Protein chains: 2
Amino acid sequence: MIRRLPQSRDRGIPEATVARLPLYLRALTGMAERGVATVSSEDLALAAGVNSAKLRKDLSHLGSYGTRGVGYDVEYLIYQISRELGLTQDWAVAIVGIGNLGRALANYGGFVSRGFRVAALFDANPEVVGDHIAGLNVEHIDELEAVIERRGVSIVVIATPAAAAQQICDRVIAVGVTSILNFAPTVLSVPEGVDVRKVDLSIELQILAFHEQRKGDRESGGPVMAEGLQQGASA
Amino acid sequence: MIRRLPQSRDRGIPEATVARLPLYLRALTGMAERGVATVSSEDLALAAGVNSAKLRKDLSHLGSYGTRGVGYDVEYLIYQISRELGLTQDWAVAIVGIGNLGRALANYGGFVSRGFRVAALFDANPEVVGDHIAGLNVEHIDELEAVIERRGVSIVVIATPAAAAQQICDRVIAVGVTSILNFAPTVLSVPEGVDVRKVDLSIELQILAFHEQRKGDRESGGPVMAEGLQQGASA
DNA sequence: ATCCCTTTGTGAACGTATGCACAAAGTGAG
DNA sequence: CTCACTTTGTGCATACGTTCACAAAGGGAT
Ligand SMILES: NC(=O)c1ccc[n+]([C@@H]2O[C@H](COP(=O)([O-])OP(=O)(O)OC[C@H]3O[C@@H](n4cnc5c(N)ncnc54)[C@H](O)[C@@H]3O)[C@@H](O)[C@H]2O)c1
Ligand SMILES: NC(=O)c1ccc[n+]([C@@H]2O[C@H](COP(=O)([O-])OP(=O)(O)OC[C@H]3O[C@@H](n4cnc5c(N)ncnc54)[C@H](O)[C@@H]3O)[C@@H](O)[C@H]2O)c1
């Protein structure tokens, strides 16, 4: 291997790695709070629930921040991962659909903890509009575009019924939003350059049911299946 | 303790495929409701937001249920996928931690729609215990084991603070639960044979932030990377 | 300075997933 | 029947992801 400076500009981090970085970050933050100064790949991997070789390979994509024979400096690694994930800047998030779920999300403290700030709440229901939740006023959905632009919102969380999701999606994309987190159980179609991630309770349960059923099958003499698998990264 | 994942198995459906089956099912259900009798892989793939070759390969793992020149029978395919996922039986689900999120989950109608039935709610807070939510009484966490066994709960949803999650997890596993859906931002450690899936808002936002930051970098002359990617299956 | 111990970073082998491209299989018209 | 047309199911190439295993690097003791 040729040792070169351009290594740091090789910014092609695999998607599977990106999905695990927040996990490492969380484990590291816990360690920092407990006063741990350095950590080995073995220990960090254990805390994050992954294989240590995988962890080392993941971190190697960010650069060479470890010290052989010692491990990684916790604070420094927190900084490097945070920077890579873009958490050293402040992200304004809007939540659309302030029903059961939207309310829970708006009240969720874990949001703010890492660079994310809930900057706007929207709903179509006149009875909900004007409510005060977590120090924010719920705006009418008609104000969507204006408020998003005024407050510099760059990430939108959709928590409306499925029927409204695509329309909300189209509208926020039209004003330049390119990152969407969708809780509605529907497939959003978006132009290239827009990232959609989805959280779908129903799908998770169905996947669990699939494996659960298969465990039961075992008793009736079916083939013994692989088990104990935790879900991995999303690509 | 090396975990072996035997691949050579007859009914071995790839994990990536399993994760997409619920998507197909949802699309098919919508079509059935609109009176569509048959569908081509092309159309179904479009509705589910995947590549049609991938869809055909996924379905081929279940069997050969299509008709060349025609497509798939919608109702029949719904039945086959439902059966494969184990949705033809009834799953009793318990929710632990009836706070903001737990309440939203308990009130969520989409649960029941597909074989899942919320059968028990638990909380440690005396002010919450005894509340009536969605027709269910919130039980004290001390009753966890007894109620789970009595009502035949096989899937547990954890919506407690992170600090309580591992303990709840250990307790439900001790009474035979092997499927857990975890909303708490913590890595659960479980014995082999137990499936844990996690839903983590914070991780999703951080992944979005990573890509969002990268989009901004483009202006400063960084390499233009592939975008527009939607998240894939979790393995 | 030398040796021993620990731990990183990565080459290489293997496993899994994706998507193209096409033969095979089916429909229906004449 | 044959022919034209549609669409499935899959072989194959390629890309991506995981894990093992070990040389190289660093720390510290003597
Ligand atoms: N509650 C859950 O646990 C849960 C779980 C998984 C998925 N989901 C999904 O999340 C979404 C929200 O769930 P919920 O339980 O909060 O539903 P909900 O009905 O309680 O809330 C939906 C809110 O969206 C608002 N709304 C409707 N149309 C709108 C529009 N065009 N613009 C802006 N706001 C609009 C409604 O006024 C309502 O306040 C649904 O798609 C649901 O399927 C919910
Ligand atoms: N609210 C959200 O939008 C959101 C988003 C992502 C993740 N989460 C996570 O989901 C979990 C719940 O979030 P929330 O906002 O509902 O919090 P919450 O504080 O509103 O609710 C937590 C509930 O759990 C109960 N509880 C605490 N210890 C318990 C125990 N040992 N046994 C049983 N019940 C116990 C509490 O009494 C409370 O009712 C947290 O881990 C949170 O980080 C929440």
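In this text, all values refer to a predicted model and were calculated from it rather than measured experimentally.
- Applying the ring pair (Phe, Tyr, Trp, His ring centres under 6.0 Å) rule to B:Y79 yields no partners; only residues at least two apart in sequence or on another chain are considered.
- B:R20 has its CZ atom 15 Å from the P atom of C:dT16, to the nearest Å.
- Residues A:Y72 and A:R56 come closest through the heavy atom pair OH-CG, 3.8 Å.
- In this structure, the side-chain contact (heavy atoms from CB on, under 4.5 Å) partners of A:N51, at least two apart in sequence or on a different chain, are A:A53, A:K54.
- Within the structure, salt bridge (charged side-chain N to carboxylate O under 4.0 Å, His left out) pairs that include any residue of residues 28-39 of chain B do not occur (at least two apart or interchain).
- Ion pairing of A:D200 with B:R26 is present here, as a side-chain N (NZ or NE/NH1/NH2) and a carboxylate O approach within less than 4.0 Å.
- As a whole-Å value, the separation of A:Y65 OH from C:dT7 C1' is 19 Å.
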Going by atom type alone, with no hydrogens or angles, which donor-acceptor pairs under 3.5 Å involve a side-chain atom of residues 167-175 of chain A and a protein atom two or more places apart or on another chain?
residue: A:D170; atom: OD1; partner: A:Q166; partner atom: NE2; Å: 2.8
residue: A:R171; atom: NE; partner: A:E145; partner atom: OE2; Å: 2.8
residue: A:R171; atom: NH2; partner: A:I141; partner atom: O; Å: 2.9
residue: A:R171; atom: NH2; partner: A:E145; partner atom: OE1; Å: 3.0
residue: A:R171; atom: NH2; partner: A:E145; partner atom: OE2; Å: 3.4

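- If you measure from atom CG of B:L62 to atom P of D:dG9, you get 10 Å, rounded to the nearest angstrom.
- In this structure, B:E15 atom CD and C:dT18 atom C1' are separated by 17 Å, rounded to whole Å.
- Residues forming a side chain to side chain donor-acceptor pair (under 3.5 Å) with A:D73 (at least two apart in sequence, or on another chain): none.
- Put simply, CG on B:D58 is 16 Å from P on C:dT16, counting in whole angstrom units.
- Residue A:L59 contributes atom CG, which lies 16 Å from atom P of C:dT7 at whole-angstrom precision.
- Residue-to-nucleotide contacts include no donor-acceptor pair under 3.5 Å from the side chain of A:K57 to the base of D:dT18.
- Partners of B:S154 by side chain to side chain donor-acceptor pair (under 3.5 Å), not counting sequence neighbours: none found.
- Distance, B:Q80 CD to D:dG9 C1': 16 Å, rounded to whole Å.
- Separating the NE2 atom of B:H61 from the C1' atom of C:dT18 is a distance of 11 Å, rounded to the nearest angstrom.
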Under 3.5 Å, which protein N or O atoms sit close to an N or O of nucleotides 27-30 of chain D? Give each pair with its distance.
none

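- Take A:Y108 and apply the side chain to side chain donor-acceptor pair (under 3.5 Å) test, not counting sequence neighbours, and it matches no residue.
- Looking at residues 28-56 of chain B, you'll see B:S40, B:S41, B:R56 sit with a heavy atom under 4.0 Å from some atom of DNA chain D.
- Of the candidate nucleotides C:dT18, D:dT8, C:dA17, D:dT8 has the atom lying nearest to any side-chain atom of B:Y72.
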